[in-house]
Trainee: 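Take this structure, written in structure tokens, and hold onto it; I'll ask about it next.
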Amino acid sequence: MSAAVVTGAATAASRPAALPRLARRVGRTAGRTVWGSAAIVLFLAVWEFAPTFLLTPATRVFLPPLHVVLAAGWQLTLDGQLESNIAASLSRAASGFAIAVVVGVAAGLLIASYRRLDAFLSPLLELFRNTAALALLPVFTLLLGIGETSKITMVAYAAFFPILLNTIAGVRGVDPLLIRAARTLGVGRARLFAKVVLPAAVPTVFTGIRMGGAASILVLVAAEMVGAKAGLGFLIVNAQNSFLIPDMYAGILAIALIGLAVNGLLVALERRFSRWRAPAV
């Protein structure tokens, strides 16, 4: 019997055995997906039916069912209001977040590389880190006005510290054995930093970036509630003042979906830049 015949027979025999493994893998993936989304489905079901069956008509005005909120969001989309306000918020959040990422990562790498600089700046960083960004909203408004500059600066401030501190922690948390092994092989300081330290710190750095992304959206929405003429924060406050309660909830739901999308994008980027580690969840 030829080798080709034996190989073909072995391949054909392995196919039936591979099918149960594939079926089990698909089943596990489907099970995790269903279980992971069960809480969200339950929450949406409660939102839909609880106002109808548990609240009085007078109270239901302040918490409308989900289908009423979705209908209001669809109408805002048709009118172009939702799209324009989302665009305004995203442009501000993206600008401030980009500034925070560039400055925060660069400063974190620099501070983590020099112990004396870290000891000098740590008290000041702790002071500002524990000062809530929203507490400084009047300061930003007085110094920079109520325009775009103050809002972008506030977003950058809120996102800066999670990125900075996680970058410092990521660089300091690199396994010393990796550094010693690289130095034993004669790797220079610059190459050591680029090829060993920075890749090992990427997961922790991206944790800070994800935290900064969430902070940028939350702080921006709060800032838009004061002295803004566009944005999701403005939409929510304006709907509340006009007693358009479904529109208000539609704006809140849009913020939640944007935050979920931003987090998913950052997780995908983290997986792209740290393929050697287990995927982030």
Side-chain angles (χ1 to χ4, degrees), residues 81-112 117-118 120-171 204-241 251-252 254-263 265-266 269-270:
Q81 297 184 50
L82 189 61
E83 179 183 357
S84 62
N85 285 294
I86 288 177
S89 291
L90 286 181
S91 63
R92 295 165 182 155
S95 300
F97 180 62
I99 294 172
V101 169
V102 173
V103 178
V105 171
L109 295 176
L110 181 63
I111 293 172
L117 182 61
D118 183 23
F120 176 71
L121 292 178
S122 285
L124 183 64
L125 293 177
E126 286 297 321
L127 174 64
F128 281 101
R129 181 177 74 89
N130 290 287
T131 303
L134 292 178
L136 296 177
L137 177 59
V139 178
F140 287 122
T141 303
L142 288 174
L143 296 178
L144 303 174
I146 61 174
E148 299 297 307
T149 304
S150 62
K151 294 174 177 58
I152 292 174
T153 304
M154 190 170 180
V155 169
Y157 176 88
F160 171 75
F161 287 100
I163 298 172
L164 173 71
L165 296 177
N166 277 273
T167 301
I168 295 174
V171 174
T204 307
V205 172
F206 264 96
T207 298
I209 291 175
R210 289 168 61 186
M211 294 171 62
S216 64
I217 295 175
L218 296 176
V219 170
L220 174 65
V221 170
E224 288 177 340
M225 292 181 177
V226 180
K229 296 182 180 179
L232 290 173
F234 166 78
L235 173 65
I236 292 171
V237 170
N238 186 57
Q240 179 195 20
N241 293 335
I252 295 173
I255 293 171
L257 294 177
I258 290 173
L260 187 64
V262 169
N263 183 73
L265 175 61
L266 293 176
L269 288 175
E270 178 181 354

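None of the values given here were measured: they were computed from a predicted structure. All values below come from the heavy atoms of this structure, side chains included, with hydrogens, waters and symmetry mates left out.
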Trainee: Looking only at non-hydrogen atoms, find the nearest pair between Ala254 and Leu82 and report the distance.
Mentor: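 Reported closest heavy-atom pair: CB-CD1, 4.2 Å.
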Trainee: So Asn166 and Val205, do their side chains get closer than 4.5 Å, heavy atoms only?
Mentor: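 In short, these two side chains do not touch, never coming nearer than 4.5 Å.
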Trainee: State, with a plain yes or no, whether a side-chain heavy atom of Arg210 is found less than 4.5 Å away from one of Asn263.
Mentor: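 Yes, at least one pair of side-chain atoms sits under 4.5 Å.
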Trainee: What distance do Ile168 atom CD1 and Ile111 atom CD1 have between them, rounded to the nearest 0.5 Å?
Mentor: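 Output value for this atom pair is 4.5 Å.
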Trainee: If a pair satisfies salt bridge (charged side-chain N to carboxylate O under 4.0 Å, His left out) and one of its residues is in residues 135-146, list it, with sequence neighbours excluded.
Mentor: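 Qualifying pairs, neighbours excluded: none.
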Trainee: When you measure from the side chain of Ser150 to the backbone of Thr141, do you find a donor-acceptor pair of N or O atoms at a distance under 3.5 Å?
Mentor: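 Not a single qualifying donor-acceptor pair exists.
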Trainee: To the nearest 0.5 Å, what is the distance between CD1 on Ile163 and CD1 on Ile209?
Mentor: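 It comes to 5.5 Å.
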Trainee: Minimum heavy-atom separation for Phe97 to Val155, with atom names?
Mentor: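 It is N-CG1, 3.9 Å.
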Trainee: Does any pair with a residue in residues 136-162 pass salt bridge (charged side-chain N to carboxylate O under 4.0 Å, His left out), and if so which ones, sequence neighbours excluded?
Mentor: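 Those involving residues 136-162 are Arg92-Glu148.
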Trainee: Show me the donor-acceptor pairs, under 3.5 Å and distance only, between side chains in residues 233-241 and residues at least two apart or in other chains.
Mentor:
from   : atom 1 : to     : atom 2 : distance (Å)
Asn241 : ND2    : Val237 : O      : 3.3

Trainee: For the CG atom of Leu164 and the CG atom of Leu110, what is their distance to the nearest 0.5 Å?
Mentor: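 Between Leu164 CG and Leu110 CG, I get 10.0 Å after rounding to 0.5 Å.
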Trainee: Output all residues satisfying side-chain contact (heavy atoms from CB on, under 4.5 Å) with Phe128, sequence neighbours left out; order by chain, then residue number.
Mentor: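 Checked Phe128 against side-chain contact (heavy atoms from CB on, under 4.5 Å); matches are Leu124, Tyr157, Phe161.
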Trainee: Under the salt bridge (charged side-chain N to carboxylate O under 4.0 Å, His left out) rule, what pairs show up with a residue in residues 123-137, not counting sequence neighbours?
Mentor: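 Counting only pairs at least two positions apart or across chains, the salt bridge (charged side-chain N to carboxylate O under 4.0 Å, His left out) contacts touching residues 123-137 are Glu126-Arg129.
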Trainee: Of the non-hydrogen atoms in Ile258 and Leu90, which two are nearest, and what is the gap between them?
Mentor: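 Heavy-atom minimum between the residues: CG2-CD2, 3.8 Å.
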Trainee: Taking atom CG of Leu220 and atom CD1 of Ile152, what is their separation to the nearest 0.5 Å?
Mentor: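 Nearest 0.5 Å value for the CG-CD1 distance: 9.0 Å.
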Trainee: Which heavy atom of Ala223 sits nearest to which heavy atom of Leu137, and what is that distance?
Mentor: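 Between these two residues, the closest heavy atoms are CB-CD1, 4.3 Å.
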Trainee: Compare every heavy atom of Thr167 with every heavy atom of Val105, then report the nearest pair and how far apart it is.
Mentor: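 For Val105 and Thr167, the tightest heavy-atom pair comes out as O-CG2, 3.7 Å.
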Trainee: Just verifying a value: how many Å separate Ile252 CD1 and Leu257 CG, rounded to the nearest 0.5 Å?
Mentor: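 Reported value, rounded in 0.5 Å steps: 12.0 Å.
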Trainee: Where is the tightest heavy-atom contact between Ser216 and Gly213, given as atom of each residue plus distance?
Mentor: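 Nearest pair, atom of Ser216 first, then Gly213: OG-O, 2.6 Å.
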Trainee: With sequence neighbours left out, what residues match Ala214 under side-chain contact (heavy atoms from CB on, under 4.5 Å)?
Mentor: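 For Ala214 there are no side-chain contact (heavy atoms from CB on, under 4.5 Å) partners, ignoring immediate neighbours.
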Trainee: Between Ser84 and Gln81, is there a donor-acceptor pair closer than 3.5 Å when you use the side chain of the first and the backbone of the second?
Mentor: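 Pair found, side chain donor or acceptor close to backbone of Gln81.
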Trainee: In Å and rounded to the nearest 0.5 Å, what is the CD1 to CD1 distance from Ile255 to Ile86?
Mentor: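 Result: 9.0 Å between the selected atoms.
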